[in-house]
Protein chains: 2
Amino acid sequence: MATRSNFQGKTVAHSHDHSICIDDALAEAERVCAEHGSRFTDLRRRILKMIWQGHKAVKAYDLLDQLATEGGSAKPPTVYRALDFLMEEGLVHKIESLNAYIGCPHPGDDHVSQFLICDKCENVREVTSDALGAAVMGAATDAGFKIRRQTLELHGVCADCQKDARAA
Amino acid sequence: MATRSNFQGKTVAHSHDHSICIDDALAEAERVCAEHGSRFTDLRRRILKMIWQGHKAVKAYDLLDQLATEGGSAKPPTVYRALDFLMEEGLVHKIESLNAYIGCPHPGDDHVSQFLICDKCENVREVTSDALGAAVMGAATDAGFKIRRQTLELHGVCADCQKDARAA
DNA sequence: GGACATGATGTTATAGGTTCACAAGCCTGT
DNA sequence: ACAGGCTTGTGAACCTATAACATCATGTCC
C-alpha cells in the first residue's frame with residue numbers, strides 16, 4: 001500500500017485512493033440536494049469536485065482560475081454563489097483563518113465542526129469531538145451566551161508531518 | 001448605577017465607565033512594551049486607543065478613516081503595521097470571522113483566547129476557559145496534532161441582548 | 001556632537017477577497 | 001406557449017491586506 005503519492009504536483013504523505021473521496025462526496029451531495037429539493041447543477045457539481053481535489057482548503061480565486069482554464073469566462077460571483085449554495089447545503093465549510101473552503105466529509109448529519117489545519121502540508125482535517133463540543137457549550141453557558149455558529153480552527157502540525165520531520 | 005448608556009450614538013446595555021477600560025488598556029500597553037523593550041509610539045497608542053473605544057471588534061479601514069479624520073493622510077500600511085505590532089505584543093487580537101480587531105483585556109499573561117461574539121450588539125467578550133482549553137488540547141492530542149495557534153470564535157447572542165429581547 | 005545602524009512611518013501601487021446590481025437564460029408547472 | 005422563479009453571466013465596485021521603496025526619527029558608539 002502506498003504511503004506517499006503525487007497529487008497535483010505535490011507529494012502527499014500517507015495517501016489513499018482519493019478518487020473514492022471525490023466520488024463519495026459527489027454522491028452524498030446528490031443525495032443531500034435531492035433530500036432538500038435543491039438543484040445540484042453542473043456548475044455546483046464542478047465546483048464541489050474541484051474543492052474535493054484534495055484535502056486542502058481551496059481559495060475562491062483558485063476555483064475561478066480553474067473554471068477559466070476549463071474554458072469560458074468565469075467571474076467572481078459565479079464562484080461565490082456556488083460556494084454560498086454549497087455552504088447552505090452543508091456540503092462545504094469556510095475556513096475563516098485561511099479565507100478558503102473545504103468539503104465537508106459528512107454533510108447531512110447535523111454537526112458542529114472543528115478543524116485541524118496543518119501549516120506544513122496544508123491538509124485540513126475536520127473532527128467532531130463531543131468532549132470539545134460540550135466544553136464549548138459549557139463556556140458559553142457560563143457566560144449566559146447563546147451560540148448560533150462557531151468557528152474553531154486549530155493551526156499546527158499534523159501527525160504525518162511530525163513523523164516526516166523526525167524521519168528527515 | 002447605570003445599566004444603559006449611550007456610547008458613540010449606540011445604546012449599550014449594562015454599561016460601565018468605559019474610560020477606565022481605555023485607561024487600563026493603555027497603561028497595560030505601556031507596561032508590556034517597556035517590559036519587551038519595544039516602542040509604544042504615538043501612532044500605536046492612538047490606534048490602540050481607537051480599538052478600545054468600545055468592546056466591539058474594529059475594522060482596519062475604520063481605523064484608517066478615523067486617522068484620516070484626525071487630519072493627515074493615512075494609508076493602509078500605516079494601520080496594518082500598527083496592528084501587526086499590537087498583535088505581536090499581545091495587545092490586540094484579530095477576529096478572523098469578522099476581519100476585525102479587538103483589544104486584549106489581559107495582555108502579558110500567556111493565554112489562549114476564546115471569543116464570544118454577539119451578533120446583535122456586536123460586543124466581543126474574550127474568555128479563557130481552562131476546561132475549554134483542555135478539551136481543545138485533548139481533541140488535538142487524539143489526532144496526534146501539535147497545535148501552534150488557535151482560532152475559537154463563538155457567534156450568537158450575549159446574555160444582555162437575550163435579556164433585552166425578553167423585555168421587549 | 002557627529003556618523004551610523006536600526007526601527008518607524010510615509011507613499012504609491014497592487015494583490016487578494018467579496019458583494020452589488022442588472023441582464024439573460026433555463027427549468028417547471030399550467 | 002406562457003408566467004414565475006431559480007440560476008448564471010457580466011461589469012463594476014467595495015473591502016481587506018501586502019509589496020516595495022523612500023524618508024524620517026531614535027538611540028548608540030566613538
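The shown structure was predicted, so the numbers you read here are calculated from the model rather than taken from an experiment. In what follows, chains are A, B, ... by sequence order, proteins preceding strands, each numbered from 1.
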**Asked** Is the phosphate of D:dC15, meaning OP1 or OP2, less than 4.0 Å from a side-chain N or O of B:Lys59?
**Response** no
**Asked** For the pair made of CZ in B:Arg39 and P in D:dT26, what is the distance, rounded to whole Å?
**Response** 7 Å
**Asked** In terms of the nearest nucleotide of DNA chain C, which residue is placed more toward the 5' end: B:Asn99 or B:Thr78?
**Response** B:Thr78
**Message:** Over all strands shown, is A:Phe40 touching base, sugar-phosphate only, or nothing at heavy-atom distances under 4.0 angstrom?
**Reply:** nothing
**Asked** With respect to the phosphate group of C:dT9, does any side-chain polar atom (N or O) of B:Arg81 fall under 4.0 Å of OP1 or OP2?
**Response** no
**Message:** Would you say the rings of B:His93 and B:Tyr101 are close, in the sense that their centroids are separated by under 6.0 Å?
**Reply:** no
**Message:** Quick check: on DNA chain D, is the nucleotide nearest A:Leu43 upstream (toward 5') of the one nearest B:Asp62, or the reverse? Name the residue that is more 5'.
**Reply:** A:Leu43
**Prompt:** A:Met87 has an atom CE; how far is it from atom C1' of C:dT19, in whole Å?
**Reply:** 13 Å
**Request:** Measure the distance from CG on B:Asp84 to P on C:dA8 and round it to the nearest whole Å.
**Result:** 12 Å
**Euclidean distance, atom CG of residue B:Leu64 to atom P of C:dT9 [Å, nearest integer]** = 15 Å
**Request:** Whole angstrom is fine here: how far is it from CD in A:Glu70 over to C1' in D:dT8?
**Result:** 16 Å
**Message:** Under a 3.5 Å distance rule, please check whether A:Asp109 uses its side chain to pair with a backbone N or O of A:His111 as donor and acceptor.
**Reply:** no
**Item:** A:Tyr80 ring over C:dT19 six-membered base ring, under 5.5 Å and 30°
**Value:** no
**Request:** Using only side-chain N and O atoms of B:Arg44, determine if any of them is under 4.0 Å from OP1 or OP2 of C:dA8.
**Result:** yes
**Request:** Using the salt bridge (charged side-chain N to carboxylate O under 4.0 Å, His left out) rule, pick out the option among A:Arg44, A:Arg45, A:Lys49, A:Arg39 that qualifies with A:Glu30.
**Result:** A:Arg45
**Request:** Decide, yes or no, whether a salt bridge links B:Arg46 with B:Glu70 under the criterion of side-chain N to carboxylate O below 4.0 Å.
**Result:** yes
**Request:** By nearest nucleotide on DNA chain D, pick out whichever of A:Pro76 and A:Ala82 is the more 5' one.
**Result:** A:Ala82
**Message:** Quiz question: going by heavy-atom distance under 3.5 Å, is there a donor-acceptor pair between the base of C:dA15 and the side chain of A:Tyr61?
**Reply:** no
**Prompt:** Given C:dT18, is OP1 or OP2 found less than 4.0 Å from the side-chain N or O atoms of A:Lys94?
**Reply:** yes
**Request:** Quickly, which of A:Asp62, A:Asn123, A:Ile51 forms a side chain to side chain contact (heavy atoms under 4.5 Å, CB included) with A:Lys56? Name it, please.
**Result:** A:Asn123
**Message:** Distance check needed: D:dT16 C1' versus A:Leu98 CG, whole Å only.
**Reply:** 16 Å
**Request:** Round to a whole Å and report the spacing from CD of A:Glu96 to P of C:dG17.
**Result:** 13 Å
**Asked** Rounded to the nearest Å, what distance is computed from the CD atom of residue B:Glu88 to the P atom of nucleotide C:dA8?
**Response** 10 Å
